[in-house]
Asks: 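Below: one structure in structure tokens.
Side-chain atoms are counted along with the backbone in the values below, which use heavy atoms only and exclude waters and symmetry mates.
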Amino acid sequence: MLLSASISTPSTSAPWALLLVGGLIVGAGLLWASMRLPLRWLFAACLGLSILQGFGPLGYNTVALLFTVALLPGVVLRTWTRSPSAWAVTLAALAAWQAVSVLWSFKFGSAAYGVLVSLALLTCFLLAQRLLVHDRVGFGIAVIAASPLVVLQAGMVITFRILPSVEEWYLRLPIARYLTEPGVDVIFSGGHQNVLDPDKAGGFLLNGNIASLLLVLFACVYAITALLRQFKRVSWAIAVLCVVGAMGTGSKTPLILGAAVPFVVLIYVLAVRRVRLALITAAIGVAGIGIGFVTINLVKPEILSESIRTLSERVTLWGLVADKVPEHWFLGMGFGNWREFMVDRVLSNPQMIGDPSLRVVPPHNLFAQAWVDAGLVSLLLTLVLALFPIVQGARAIWESRTDSLRSPKVLIPVVAVLATLWVLLHGMTDTTLFSGDNHTIPWYAVVVAAAGFGTRRFTADATKEVGAARGRGGSSVE
């Protein structure tokens with residue numbers, strides 16, 4: 001299906017022309033800022049805005065997303081090296097392919113969103129990588145600068161979970177249209193958002209599951225900051241608060257992944273040091289999981305039945321995606337075309353009204369979504385981007401196997417692997433991308449950049465920069 005187009009009348013084109021001119025002026029200002037301001041403050045702004053977002057007439061193409069992308073030219077000029085990270089190159093390739101896929105997309109806005117997310121993630125990754133390697137003090141300052149908004153998000157989740165009426169009051173406020181997702185406009189008139197459940201809360205977000213993912217990433221980034229010996233006490237305190245907030249969302253995801261992911265990472269850490277101890281721990285852990293599963297099934301069998309129902313709905317969606325592969329195996333369906341397909345399916349099956357699988361929803365799998373949006377190339381690049389930081393972190397843990405388990409050289413890659421694996425597993429059954437959603441972009445960039453901490457290349461880059469700074473008689477800190 002070709003990209004649809006619309007014709008603007010003179011009465012409607014004038015406001016858009018003014019908006020375009022204003023956007024160009026703001027863009028020029030941000031370009032100047034990206035070239036002149038210290039990188040630590042640029043990254044602090046990206047972290048802070050990721051929480052507030054600033055939703056408007058462009059839907060998920062928010063103020064935060066556009067702001068971050070506008071910084072990219074200057075950030076690339078200041079941070080791109082002769083031997084760039086393979087992950088950054090792959091991400092740039094994904095953005096380029098997504099731009100090409102506009103040609104067979106149904107909606108330009110949907111295609112533009114995919115490109116903007118990739119470019120914003122590239123901006124944040126380059127900033128996080130440069131600060132972690134060359135300016136760890138600046139990295140700590142950037143993270144701490146965003147902490148009031150992080151604490152606010154965690155506090156809102158906990159408060160909303162205890163007092164659902166306060167959450168409803170907030171969601172009815174006019175400002176919620178700008179700080180919360182576009183769905184807030186219809187949430188009380190038939191919209192499908194799980195924060196309406198009294199047992200769930202999302203803070204600024206309308207989905208408790210994604211809110212839990214965001215809070216877990218917050219916790220991991222503040223743990224990394226503390227391990228870098230930057231604002232240690234404050235960082236650990238915020239990390240703990242965010243873990244409490246993630247559990248307070250009411251989502252089952254942090255309960256399941258909170259048990260499984262740390263266990264898997266622990267087994268690997270032990271396996272590269274003492275295989276026998278890893279096998280014993282794995283056996284005890286598997287037995288514990290089995291006992292826990294049986295206990296939950298006896299005490300609260302509705303949890304298991306609800307999980308089976310949810311998984312069944314996901315399997316139905318994945319089957320619909322698989323049915324489309326023979327027809328669109330290389331190019332995919334194109335941005336926006338999946339929604340049109342689901343709408344047609346609803347209209348064509350009136351006898352199935354009430355069936356949960358008939359709702360107009362995304363594929364609920366990050367790899368299926370990548371193929372649906374932009375085809376085989378997008379799927380392969382997404383596979384690399386999702387798995388590379390996990391492999392890189394595993395390599396860093398292997399290289400540091402003779403170091404103390406309490407060493408940052410060990411613990412930082414452990415936290416990074418835990419975070420990236422968590423995001424991957426979450427996205428296998430949810431609507432999130434390989435990097436999460438709008439809110440998680442800079443936070444995911446940090447854990448990806450930290451995955452290689454302590455590896456030979458990471459250490460060599462840091463040593464090279466310190467040597468260059470001493471040669472100049474100055475500092476590398478920006």
Side-chain angles (χ1 to χ4, degrees), residues 30 32-50 67-68 71-85 87-88 120-147 150 217-218 220-236 238-239 389 392-393 396 407-409 411-413 415-416 419 441-478:
L30 290 175
W32 175 88
S34 70
M35 296 293 296
R36 305 296 300 175
L37 295 182
L39 296 180
R40 60 177 67 173
W41 295 118
L42 295 179
F43 194 50
C46 293
L47 292 169
L49 281 174
S50 72
F67 170 88
T68 307
L71 300 180
L72 181 59
V75 169
V76 167
L77 289 174
R78 295 171 68 180
T79 64
W80 199 269
T81 64
R82 293 181 179 179
S83 55
S85 162
W87 197 84
L121 182 57
L122 180 59
T123 302
C124 292
F125 173 75
L126 293 174
L127 287 169
Q129 184 184 51
R130 174 55 65 98
L131 292 174
L132 281 171
V133 174
H134 305 315
D135 184 11
R136 292 177 190 172
V137 173
F139 171 80
I141 290 173
V143 173
I144 289 299
S147 58
V150 171
L217 282 173
F218 284 167
C220 290
V221 170
Y222 278 93
I224 290 171
T225 305
L227 291 169
L228 289 171
R229 297 183 175 86
Q230 304 297 321
F231 307 96
K232 282 183 64 175
R233 293 182 180 178
V234 174
S235 295
W236 281 125
I238 295 175
Q392 187 179 43
S407 168
K409 191 176 178 182
L411 293 179
I412 289 177
V415 173
I441 288 173
W443 307 92
Y444 181 75
V446 170
V447 295
V448 172
F453 187 88
T455 58
R456 286 188 288 271
R457 173 168 177 173
F458 196 102
T459 306
D461 287 345
T463 304
K464 187 188 303 180
E465 179 66 18
V466 170
R470 287 174 177 172
R472 293 191 301 266
S475 172
S476 64
V477 174
E478 294 191 71

Asks: Grab the two heavy atoms, one from Ala142 and one from Arg40, that are nearest each other, plus how far apart they are.
Replies: CB-O, 3.3 Å
Asks: Which value, rounded to the nearest 0.5 Å, describes the distance between Phe43 atom CZ and Leu126 atom CG?
Replies: 10.5 Å
Asks: Any chance you could measure Leu132, atom CG, to Phe453, atom CZ, to the nearest 0.5 Å?
Replies: 8.0 Å
Asks: Keeping Arg78 on the side-chain end and Ser34 on the backbone end, is there a donor-acceptor pair under 3.5 Å?
Replies: yes
Asks: Step by step, would you call Thr79 with Gln129 a side chain to side chain contact (heavy atoms under 4.5 Å, CB included)?
Replies: CA-CA 9 Å; Thr79 64; Gln129 184 184 51; over 6 Å; no
Asks: Evaluate side chain to side chain contact (heavy atoms under 4.5 Å, CB included) for Arg130 paired with Thr81, printing each intermediate quantity in order.
Replies: CA-CA 10 Å; Arg130 174 55 65 98; Thr81 64; 4.3 Å; yes
Asks: Out of Val446, Val150, Leu47, which one pairs with Val221 under the side chain to side chain contact (heavy atoms under 4.5 Å, CB included) rule?
Replies: Val446
Asks: With no hydrogens and no angle check, is any side-chain donor or acceptor of Tyr222 less than 3.5 Å from a backbone partner on Val234?
Replies: no
Asks: Rounded at 0.5 Å granularity, tell me how far CZ in Phe67 sits from CG in Leu30.
Replies: 5.5 Å
Asks: State, with a plain yes or no, whether a side-chain heavy atom of Val75 is found less than 4.5 Å away from one of Leu127.
Replies: yes
Asks: Minimum heavy-atom separation for Cys220 to Ala419, with atom names?
Replies: SG-CB, 3.7 Å
Asks: Carefully, step by step, assess Ile412 and Leu228 under the rule side chain to side chain contact (heavy atoms under 4.5 Å, CB included).
Replies: CA-CA 8 Å; Ile412 289 177; Leu228 289 171; 3.6 Å; yes
Asks: Indicate the atoms forming the closest heavy-atom contact of Pro413 with Ala451, along with that distance.
Replies: CB-O, 3.9 Å
Asks: Can you find a heavy atom in the side chain of Thr68 that is under 4.5 Å from one in the side chain of Cys124?
Replies: yes
Asks: Phe218 vs Trp443 aromatic rings, parallel, tilted or perpendicular, using cut-offs 30° and 60°?
Replies: perpendicular
Asks: Locate the shortest heavy-atom distance separating Gln392 from Val448; write the atom from each residue and the value.
Replies: OE1-O, 4.1 Å
Asks: Looking at OG of Ser85 and CH2 of Trp80, how far apart are the two atoms once the value is rounded to the nearest 0.5 Å?
Replies: 8.0 Å
Asks: Mind checking the CG-CG spacing from Leu122 to Leu71? Nearest 0.5 Å is all I need.
Replies: 12.0 Å
Asks: Provide the closest heavy-atom pair for Ala145 versus Ala44 in the form atom of the first, atom of the second, distance.
Replies: CB-CB, 4.0 Å
Asks: Main chain of Ile441, side chain of Ser50: is a donor-acceptor contact present, judged purely on distance under 3.5 Å?
Replies: no
Asks: How long is the span from the CD1 atom in Ile238 to the CD1 atom in Ile144, to the nearest 0.5 Å?
Replies: 5.0 Å
